[in-house]
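Right, one structure below, let's go through it.
Note: hydrogens, waters and symmetry copies are ignored here, and every other heavy atom, side chains too, is used. Residue numbers start from 1 in every chain, and the chains themselves are labelled A, B, ... in the order their sequence lines are given, proteins ahead of strands.
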2 protein chains.
Amino acid sequence: MSTPAVDRSPGSADAAPDAKWDAELVPDARGRTVRPSPDCPVEVALAAISGRWATLVLRELMHGPRSFGELRDRLPGLTAKVLTERLRDLEARRLVARTAVAAFPVRTQYALTPAGTALRPLLLELYRTGAALLDARA
Amino acid sequence: MSTPAVDRSPGSADAAPDAKWDAELVPDARGRTVRPSPDCPVEVALAAISGRWATLVLRELMHGPRSFGELRDRLPGLTAKVLTERLRDLEARRLVARTAVAAFPVRTQYALTPAGTALRPLLLELYRTGAALLDARA
DNA sequence: CAGTATCCCTGTTGATACTG
DNA sequence: CAGTATCAACAGGGATACTG
């Protein structure tokens, strides 16, 4: 894949140690990646909000716990299949916790975990940045 | 698509006016979207950093203007085709400006515009959030 | 040096219909 | 109520080879 050519990096395989990094932009070694890597914090954050509808589902859950039906009602156009996919993904990342009540009819509650709540500043920053871009074009 | 049923919203078609919104999370009407929309600030910001390798290309340009070859050298594994795609996309969004010097050999400079530089806080927040998620799992 | 041109392959999304 | 099962359509990305 990558041309071996000359190995100028004495360090690990996926870093560029001899470059001068912006200490604010790249505070530690995890950010000195040369390719999209699951170990890079930026990629981890992007993965957390990845997938269509993901930020909208998170926004709804930021308002408090919601049932499957409530989420579906709040986001018409989002099919049950995709909603399930998003929720399962968020659950796998431990950002959302599911609580199913085995009654009839079945009730399921989806709530943010502390890790999920930690995404709030990121959503705010996304909004801020996007709004600034929109205003700049206006 | 959406079940017409009862139209409980007296306002526009893509908003839910009767819901109570978190004023910090959704500061204005542009955030009260019911589906992924190009008008939503969050979507605009996500679009700005969309595409594989995008954040890495932006990171490199945050360090200063770079030529096509410099970017390619700094990001081995990124093919010329995809690098071109990312740069063209960023250019179309006015986040990056291209300056080609018609000499021989050809020299091209890619630099962030003010709008592109405005993405820095977002990248920092992505890093912060991702690092927090990584630390939480450790 | 700075790209283009193809081809192919894979993942993602959406529509629709069905179930414990 | 809270999902699952299929299937079709599409876009994104990578490998490779070529050009002004």
note = Read 5' to 3' with Watson-Crick or G-U pairs under 3.5 Å, [ ] for crossing pairs and | for partners on another strand, DNA chain C gives ||||||||||||||||||||
ask   = Near DNA chain D, which residues from residues 52-64 of chain B have a heavy atom under 4.0 Å away?
value = B:Arg52, B:Trp53
query = Distance from A:Ser67 atom OG to A:Asp73 atom CG, nearest 0.5 Å?
reply = 7.5 Å
ask   = What residues, two or more places apart in sequence or in another chain, satisfy side-chain contact (heavy atoms from CB on, under 4.5 Å) together with A:Glu24?
value = A:Asp22, B:Arg120, B:Leu124
Residues in side-chain contact (heavy atoms from CB on, under 4.5 Å) contact with B:Val44, at least two apart in sequence or another chain = A:Leu133, A:Leu134
request  = Starting from P on D:dG14, measure out to CG on B:Leu83 and report it in whole angstrom.
outcome  = 12 Å
request  = Quick one: list whatever passes side-chain hydrogen bond (donor to acceptor under 3.5 Å, both in side chains) with B:Arg66, sequence neighbours left out.
outcome  = none
ask   = Can you list every pair that meets salt bridge (Lys or Arg N to Asp or Glu O under 4.0 Å) and has a residue in residues 90-107 of chain B, with sequence neighbours left out?
value = B:Arg88-B:Glu91, B:Asp89-B:Arg93, B:Glu91-B:Arg98
message = Filter on salt bridge (Lys or Arg N to Asp or Glu O under 4.0 Å), then keep only pairs touching residues 123-138 of chain A, sequence neighbours left out; what's left?
response = A:Glu125-A:Arg128, A:Asp135-B:Arg30
In residues 76-86 of chain B, what donor-acceptor pairs under 3.5 Å come from side-chain atoms, sequence neighbours left out?
from, atom 1, to, atom 2, distance (Å)
B:Thr79, OG1, B:Val82, N, 3.4
B:Thr84, OG1, B:Ala80, O, 2.7
B:Arg86, NH1, B:Arg52, O, 2.9

key: Rounded interatomic separation in angstrom, taking CG from B:Asp89 and C1' from D:dA11   = 13 Å
query = Which pairs count as ring pair (Phe, Tyr, Trp, His ring centres under 6.0 Å) when at least one residue sits in residues 63-90 of chain A, sequence neighbours excluded?
reply = A:His63-B:Trp21
inquiry  = I'd like to check the side-chain contact (heavy atoms from CB on, under 4.5 Å) partners of B:Pro65; sequence neighbours left out, ordered by chain and number.
reply    = B:Gln109, B:Ala111
remark   = Those residues at least two apart in sequence (or on a different chain) that pass side-chain contact (heavy atoms from CB on, under 4.5 Å) with B:Thr113 are B:Ala97, B:Ala115
ask   = Tell me, for nucleotides 1-8 of chain D in 5' to 3' order, what letter each nucleotide earns: B for a base near a protein heavy atom under 4.0 Å, S for only sugar-phosphate near one, - for neither?
value = SSBBBB--
